[in-house]
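Each remark here refers to the structure printed beneath this line.
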Amino acid sequence: MNRYLATSLWWMRKLRAINRQLKDMAQTDPLTGLLNRNGLHESFASDVARALRHGRPMSVILLDIDHFKRINDELGHLVGDKVLVELGALVKRTIRGVDTVCRWGGEEFVVICHETPLLQAQALAERLLQAARAQTFAASRPVTLSAGVTDLVLGDTPDMLVQRADEAMYQAKHAGRDRVCVQAASGPASGPSSVSQAS
């Protein structure tokens with residue numbers, strides 16, 4: 001009986017470990033090692049609810065690599081993948097440990113800035129763009145980013161936050177790329193805050 005119990009306990013531990021591994025795989029981007037959209041979804045809703053309940057600031061930055069298709073088309077997808085890995089590492093080491101970074105999809109990354117008002121998030125986005133300009137990527141050419149920034153207001157959902165950041169990011173693209181645009185909940189995005197350096 002003891003032997004049977006020991007075997008059952010061993011299998012239970014083994015199954016729990018496998019389940020944890022499968023959950024991690026489902027929530028992690030295999031290329032960059034960052035959270036993927038599924039992984040972010042699990043915590044984002046509770047983070048938003050907590051910030052609203054306690055009246056704490058939260059901001060979101062959406063980053064997109066400028067002319068990424070050109071990198072893939074001209075240099076190959078292996079080089080494009082290396083750029084994504086390098087950018088993921090750059091973002092992770094530039095943000096605070098308490099913030100959350102996620103590969104949102106393709107060449108887009110989302111940063112959840114906890115306890116961070118809009119102006120501080122905008123400054124962080126500027127630092128991320130500057131860090132990208134200064135880094136030598138596998139592409140052996142300048143890599144720039146467009147960024148959209150927004151902050152949490154009463155009544156927001158995670159989808160609403162990301163949608164506003166996305167709208168601001170597209171304004172940055174249309175304004176010439178390699179810049180930060182801010183979308184406040186109460187009105188249209190502010191003008192670009194970086195001088196375009198994109199080719």
Side-chain angles (χ1 to χ4, degrees), residues 19-20 22-66 68 84-85 87-129 131-132 145-175 179-190 192-193:
N19 284 334
R20 280 195 301 270
L22 290 172
K23 184 177 180 181
D24 288 345
M25 289 171 63
Q27 295 182 344
T28 304
D29 174 51
L31 181 63
T32 62
L34 301 174
L35 284 177
N36 61 20
R37 193 182 293 209
N38 288 335
L40 180 66
H41 178 75
E42 186 163 300
S43 61
F44 195 13
S46 58
D47 289 339
V48 166
R50 189 179 307 111
L52 288 172
R53 184 168 60 249
H54 297 292
R56 305 304 303 164
M58 173 188 282
S59 296
V60 172
I61 301 170
L62 181 63
L63 300 163
D64 185 272
I65 302 174
D66 295 327
F68 186 69
L84 290 170
V85 171
L87 179 61
L90 180 151
V91 173
K92 194 166 184 178
R93 69 173 177 264
T94 305
I95 65 175
R96 303 171 305 171
V98 296
D99 294 330
T100 306
V101 59
C102 155
R103 184 180 174 200
W104 190 245
E107 65 272 24
E108 291 184 340
F109 294 79
V110 166
V111 180
I112 310 301
C113 306
H114 303 283
E115 298 287 333
T116 306
L118 188 62
L119 287 178
Q120 288 182 18
Q122 181 180 355
L124 173 58
E126 295 284 4
R127 288 200 301 275
L128 287 164
L129 266 63
L145 309 173
S146 295
V149 184
T150 194
D151 62 337
L152 181 68
V153 295
L154 194 62
D156 267 341
T157 65
D159 287 346
M160 291 166 67
L161 271 170
V162 174
Q163 177 64 31
R164 282 202 307 276
D166 188 60
E167 290 168 0
M169 185 273 292
Y170 273 102
Q171 184 182 1
K173 291 284 188 189
H174 293 313
R179 63 191 67 217
V180 176
C181 283
V182 176
Q183 175 85 30
S186 57
S190 70
S193 54

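These figures come from a predicted structure and were not determined experimentally. We're numbering straight along the sequence, starting at 1.
Rounded to the nearest 0.5 angstrom, Asp151 CG and Gln120 CD are separated by 11.5 Å. Interatomic distance, OG1 of Thr150 versus CG of Asp156, reported as 7.0 Å (0.5 Å rounding). From Leu62, atom CG reaches atom CG of Leu161 across 11.5 Å, with rounding to the nearest 0.5 Å. Atoms CG and CD, from Leu119 and Gln122 in turn, are 6.0 Å apart once rounded to the nearest 0.5 Å. Interatomic distance, NE2 of His114 versus OG1 of Thr100, reported as 3.0 Å (0.5 Å rounding). Taking NE2 from His41 and SG from Cys102, the interatomic distance works out to 12.0 Å, rounded to the nearest 0.5 Å.
Counting heavy atoms of neighbouring residues, nucleotides and ligands inside a 6.0 Å radius, atom CG of Leu31 exceeds 12 of them. Remark: Lys92 NZ is loosely packed, at most 12 non-hydrogen atoms of other residues, nucleotides or ligands lying under 6.0 Å away.
Residues Gln183 and Ala168 share a closest heavy-atom pair of CB-CB, 3.6 Å. Taking every heavy atom of both residues into account, Ala121 and Val149 meet most closely at CB-CG1, 3.7 Å. Residues Thr94 and Ala131 approach most closely at OG1-CB, 4.3 Å, considering heavy atoms. Listed here is the closest heavy atom pair of Leu152 and Ala51: CD2-CB, 3.6 Å. Residues Leu90 and Leu128 share a closest heavy-atom pair of CD2-O, 4.2 Å.
Side-chain contact between Arg103 and Asn36 is absent, with no heavy atoms from C-beta onward closer than 4.5 Å. Leu84 is listed as a side-chain neighbour of Phe109, based on a closest heavy-atom distance under 4.5 Å. Between Pro57 and Glu115 there is a side-chain heavy-atom pair separated by less than 4.5 Å. The shortest distance between side-chain heavy atoms of Val110 and Phe44 does not fall below 4.5 Å. No side-chain heavy atom of Val60 sits under 4.5 Å from any side-chain heavy atom of Arg164.
In terms of modelled atom types and a separation under 3.5 Å, the side chain of Arg37 and the main chain of Trp104 share a donor-acceptor contact. Judged by distance alone, with hydrogens and angles left aside, the side-chain atoms of Ser59 form a donor-acceptor pair with the main-chain N or O of Thr116 at under 3.5 Å.
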### Chi angles and distances behind the side-chain contact (heavy atoms from CB on, under 4.5 Å) call for Leu124, Arg96
CA-CA 10 Å; Leu124 173 58; Arg96 303 171 305 171; over 6 Å; no
### Task
Output, in order, the C-alpha distance, side-chain angles, deciding distance and verdict of side-chain contact (heavy atoms from CB on, under 4.5 Å) for Leu145 and Ile65.
CA-CA 5 Å; Leu145 309 173; Ile65 302 174; 3.9 Å; yes
### Chi angles and distances behind the side-chain contact (heavy atoms from CB on, under 4.5 Å) call for Leu63, Leu87
CA-CA 10 Å; Leu63 300 163; Leu87 179 61; 5.7 Å; no
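In summary, Lys173 and Asp66 engage in a salt bridge, as defined by a charged side-chain N under 4.0 Å from a carboxylate O.
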